[in-house]
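Below is one structure, written out as structure tokens; comments come after it.
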Protein chains: 2
Amino acid sequence: ISKEVAKLLELKAQLGSDEGKHKFVLKTPKGTRDYSPKQMAIRERVFNAIITCFKRHGAEVIDTPVFELKETLTGKYGEDSKLIYDLKDQGGELLSLRYDLTVPFARYLAMNKITNIKRYHIAKVYRRDNPAMTKGRYREFYQCDFDIAGQFDPMIPDAECLKIVHEILSDLQLGDFLVKVNDRRILDGMFAVCGVPDSKFRTICSSVDKLDKMPWEEVRSEMVGEKGLSPEAADHIGEYVQLHGGLNLVEQLLQDPKLSQNKLAKEGLGDMKLLFEYLTLFGITGKISFDLSLARGLDYYTGVIFEAVLVQQENDHVEESVSIGSVAGGGRYDGLVGMFDPKGRKVPCVGVSIGIERIFSILEQRLEASEEKIRTTETQVLVASAQKKLLEERLKLIAELWEAGIKAEILYKKNPKLLNQLQYCEETGIPLVAIVGEQELKDGVVKLRVVSTREEVNVRREMLVEEIRTRTSQ
Amino acid sequence: ISKEVAKLLELKAQLGSDEGKHKFVLKTPKGTRDYSPKQMAIRERVFNAIITCFKRHGAEVIDTPVFELKETLTGKYGEDSKLIYDLKDQGGELLSLRYDLTVPFARYLAMNKITNIKRYHIAKVYRRDNPAMTKGRYREFYQCDFDIAGQFDPMIPDAECLKIVHEILSDLQLGDFLVKVNDRRILDGMFAVCGVPDSKFRTICSSVDKLDKMPWEEVRSEMVGEKGLSPEAADHIGEYVQLHGGLNLVEQLLQDPKLSQNKLAKEGLGDMKLLFEYLTLFGITGKISFDLSLARGLDYYTGVIFEAVLVQQENDHVEESVSIGSVAGGGRYDGLVGMFDPKGRKVPCVGVSIGIERIFSILEQRLEASEEKIRTTETQVLVASAQKKLLEERLKLIAELWEAGIKAEILYKKNPKLLNQLQYCEETGIPLVAIVGEQELKDGVVKLRVVSTREEVNVRREMLVEEIRTRTSQ
């Protein structure tokens, strides 16, 4: 008996696990999402604005694989390297999903011995970060990168990158924004004059990077407590990082008795001055802030760094503006390509990366709130019939329209009701209906109906394409 | 001494390994590639043709993540499942890179309870296959999918999918092509009447699928030797799979004493007849071949299946046309969405997938062979100067042009030589040069030079934008 029971239990367990097959979780992986047709329509608007700007500045476009050899990414991202997605070792090469588009770009330049290019690249990147999807922070997200590589005169390409950020954020009408600018050399010079040991530059830099999310007190205690910085050095840094302003601040710091003695800081401040001169010619200094608290976490920056944030006036009474997060960032990385070149040949680069997820969230919310109905297809005409047994005539007519490049649909029913066909147009925003009926076929005409006005007009069949084109061109 | 030697050796080893850091392989992962700007220009042409067609047929667009939960992909691809890329288990969910766009689409429909949609999706998919890059077989490659989901009257959406393949391949002018059509029900009916046991249908089906790459003798010996099919059954299959033709063959098989007795085969043949009637109305039967050897490897197909191949006349004397590989494929999969629905609710689907890699290879080779120079930017004008110290004037002018939406570039040099500036235009195909000089500044004009003709004309500064627009609009 116990044997039989055991058998039955085993059988039951098997059945149970079979049932279980249908119980798997129906979801996308953590930190990722699908884009519905409506969301895609918004996304394409954003991409269009960005690509139009990149092309206006004469950029070419490239693409690279979604994964790279693991070693290609090693040693480029500092403390963030732990967020890289690795692929399983299934025999063969060890691979990782790209973490940004900058390192693949540098690998591409070194591999193809390119010393001079202006290119954009729009693609998804992957970070095993803690997702906060309401804030637009995903594990799979788009970056829209524009970079200028080559040996050029100082700050001209750097100024163009900032101009691009300014153009795109203005164009998208996301509200007020601010582009914070700093320079790795100014930061390093500042650390040096504050008494930070060389070996601690990078780690203290990533503490400073947290100032946009944490108050100074917490950052200070991380520096002193976790990272073993002397309290004096920390306090000294604390004085500098509260400074922000424009060309005046640059000139003030060029006079700073300590900073002006530091070679790196002096170089950085000199270039910052030049940058502000070019930005003045571009007419965009109003939204640019030289900000000593801006650090940027990534290891590879060597010169100018910047980050654009959207700012929101809380209300009219409160002067203070509240940052609702970074939407673009970038900087100069003159050493990265050299890390890939067998002979270490350097290619100076500067670039900007636009993050569309937050921008997209804002536009999506705005659209939800508005009355605007967004179309998800471009169909110009529905080919319909008023009577039964006209499927073949509908198929013949729609083939003629497709042949002529008209965007046309039919309902996939043998005998659809006219009401259902009209309703489909209302729902999807199709502006015209081309109705075939027995009488129309005899007369060699098609009845063209304007959905919004219900106006109907008979059009000679050979004139139909022209008539549809005229009525749907704006 | 030996201690010192040991220390030195250790030091040497350390140095060696440091040097080694620079010796890593500079390449993209096996089976993948970068796209250069020139290649991107070709790719965008192909995408444009495909997207234009999808939109002409009224499709919406969606996007899904590059990876899915591993279990989402499990049990969908039959023998090909071993080619799926898994991600490393880094804590959290087990993930795999998508293998096609069809399974993510079905998951999307079930997850969002969508029973009715016509959508396209263009994205990269991943297969750990043996790459053959000269033939356009990659491990990372694009699929351009168009699918119609919903409960409709038979074969109307199926016919539209074939129409789309026909339109796209005609539009791309790749040379002659042929779309092979079959039906899983006809295959299964054929297997049944040939005496293949039910349990061997799928595995025998994947043997038949190899007929486009292997001669029948090899496929037969795989069936009999590896898969244990009786020689009689194999020979019987061998007779059927050599059949191909049009509506005549469908009607002939509807009279076949064995097949006509099989319920599945009869259903399939009835629908095939209907399909050919619709394709006749679309006027495209000339390039459609009902082919009993077409099997398609994937598990999820339930009805019509098809595959488009490019055919090449070897030369004028040889009648036989040579297949140079599949460029599109698809079929009906009525059960796939139900596999994801908790209650097993089915959503009938049919779709087509265009593979662009081979198409792209052909167009790339054709472009190499031709004299056509392909531009990789859209820049309309280079802002140049003939004298030194005019960087500021160039920056001011280019900002004006950008503001007006003109695509413009400058060289990133303080004092570039005019010759270098003109050369840059020749190399990159920029048609116009706007030259600022001291005299022009005094006169309130800009000298506009047409690169191709060397014609130069002074244009009043306030008219410049209009003049550039006129000269670069075609």
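Convention: sequence-line order gives letters A, B, ...; per-chain numbering from 1. This structure is a prediction, so every number in the text was calculated from the model and none was measured.
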Checking side chain to side chain contact (heavy atoms under 4.5 Å, CB included) for the pair A/Glu71/B/Val25: CA distance, chi angles, key distance, verdict?
CA-CA 9 Å; A/Glu71 61 184 10; B/Val25 201; 4.3 Å; yes

Got a sec: does the NZ of B/Lys82 have more than 12 other heavy atoms crowding it under 6.0 Å?
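For B/Lys82, atom NZ is crowded (more than 12 foreign heavy atoms under 6.0 Å).
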
Just checking B/Glu44: does its CD atom have more than 12 heavy atoms from other residues, nucleotides or ligands closer to it than 6.0 angstrom?
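Above 12, so yes.
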
Below 4.5 Å from any heavy atom of chain B, which atoms of [X] appear? Answer side chain, backbone, both or neither.
X        : answer
A/Tyr126 : side chain
A/Leu391 : side chain
A/Ala110 : both
A/Glu393 : neither
A/Gln90  : both
A/Glu400 : neither
A/Arg375 : neither
A/Arg128 : side chain
A/Lys27  : both
A/Ile406 : backbone
A/Ile84  : backbone

Looking at B/Ile114, B/Asn112, B/Asn415, B/Leu395, which one has more heavy-atom pairs under 4.5 Å with chain A than the rest?
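Among B/Ile114, B/Asn112, B/Asn415, B/Leu395, the one with the most close pairs to chain A is B/Leu395.
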
Sort out for me which of B/Lys163, B/Glu93, B/His57 touches chain A most, counting heavy-atom pairs under 4.5 Å.
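The candidate making the most pairs under 4.5 Å is B/His57.
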
What pair of heavy atoms forms the shortest contact from A/Ser36 to B/Tyr108, and how long is it?
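Taking A/Ser36 first and B/Tyr108 second, the nearest heavy atoms are CA-OH, 3.4 Å.
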
Return the minimal non-hydrogen interatomic distance between B/Arg107 and A/Leu26, and the atom names on each side.
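What the structure gives for the nearest pair is CG-CD1, 4.1 Å.
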
Out of curiosity, [X] [atom1] to [Y] [atom2], how far, rounded to the nearest 0.5 Å?
X        : Y        : atom1 : atom2 : value
A/Tyr35  : B/Asp63  : OH    : CG    : 7.5 Å
A/Leu401 : B/Arg56  : CG    : CZ    : 11.0 Å
B/Arg394 : A/Ile156 : CZ    : CD1   : 6.5 Å
A/Leu97  : B/Tyr85  : CG    : OH    : 11.0 Å

Between A/Glu392 (side chain only) and B/Leu281 (backbone N and O only), is there a donor and an acceptor less than 3.5 Å apart?
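Side chain of A/Glu392 to backbone of B/Leu281, a donor-acceptor pair under 3.5 Å: no, none is there.
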
Counting only N and O atoms by type, is there a donor-acceptor contact under 3.5 Å from the side chain of A/Asp86 to the main-chain atoms of B/Lys88?
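Not at all, since once roles are kept as given, no pair shorter than 3.5 Å links the two residues.
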
For B/Leu95, which atoms come within 4.5 Å of any heavy atom of chain A: side chain, backbone, both, or neither?
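It is the side chain, since no backbone atom gets that close.
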
For B/Ile398, is it the side chain, the backbone, both or neither that has a heavy atom under 4.5 Å from a heavy atom of chain A?
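When you check distances to chain A, only side chain atoms of B/Ile398 fall under 4.5 Å.
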
Option that, when pairs with chain B are counted at under 4.5 Å, heavy atom only, ranks first among [options]:
options                              : answer
A/Pro65, A/Ala399, A/Gly283          : A/Pro65
A/Leu382, A/Asp34, A/Ile62, A/Thr32  : A/Asp34
A/Glu160, A/Lys396, A/Glu277         : A/Glu160
A/Arg119, A/Lys124, A/Lys38          : A/Lys124
A/Thr377, A/Thr379, A/Leu411         : A/Thr377
A/Glu68, A/Gln380, A/Gln39, A/Lys118 : A/Lys118

Could you walk me through whether A/Trp402 and B/Cys53 satisfy the side chain to side chain contact (heavy atoms under 4.5 Å, CB included) test, starting with their C-alpha distance in whole Å, then the side-chain angles of each, then the deciding distance to 0.1 Å, before giving a yes or no?
CA-CA 9 Å; A/Trp402 286 333; B/Cys53 176; over 6 Å; no

Test side chain to side chain contact (heavy atoms under 4.5 Å, CB included) applied to A/Thr28 and B/Met111, step by step
CA-CA 9 Å; A/Thr28 62; B/Met111 194 174 129; 4.2 Å; yes

Side-chain ion pair, B/Lys55 and A/Glu378, N-O less than 4.0 Å
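Here B/Lys55 pairs with A/Glu378 in a salt bridge, since their nearest N and O are under 4.0 Å apart.
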
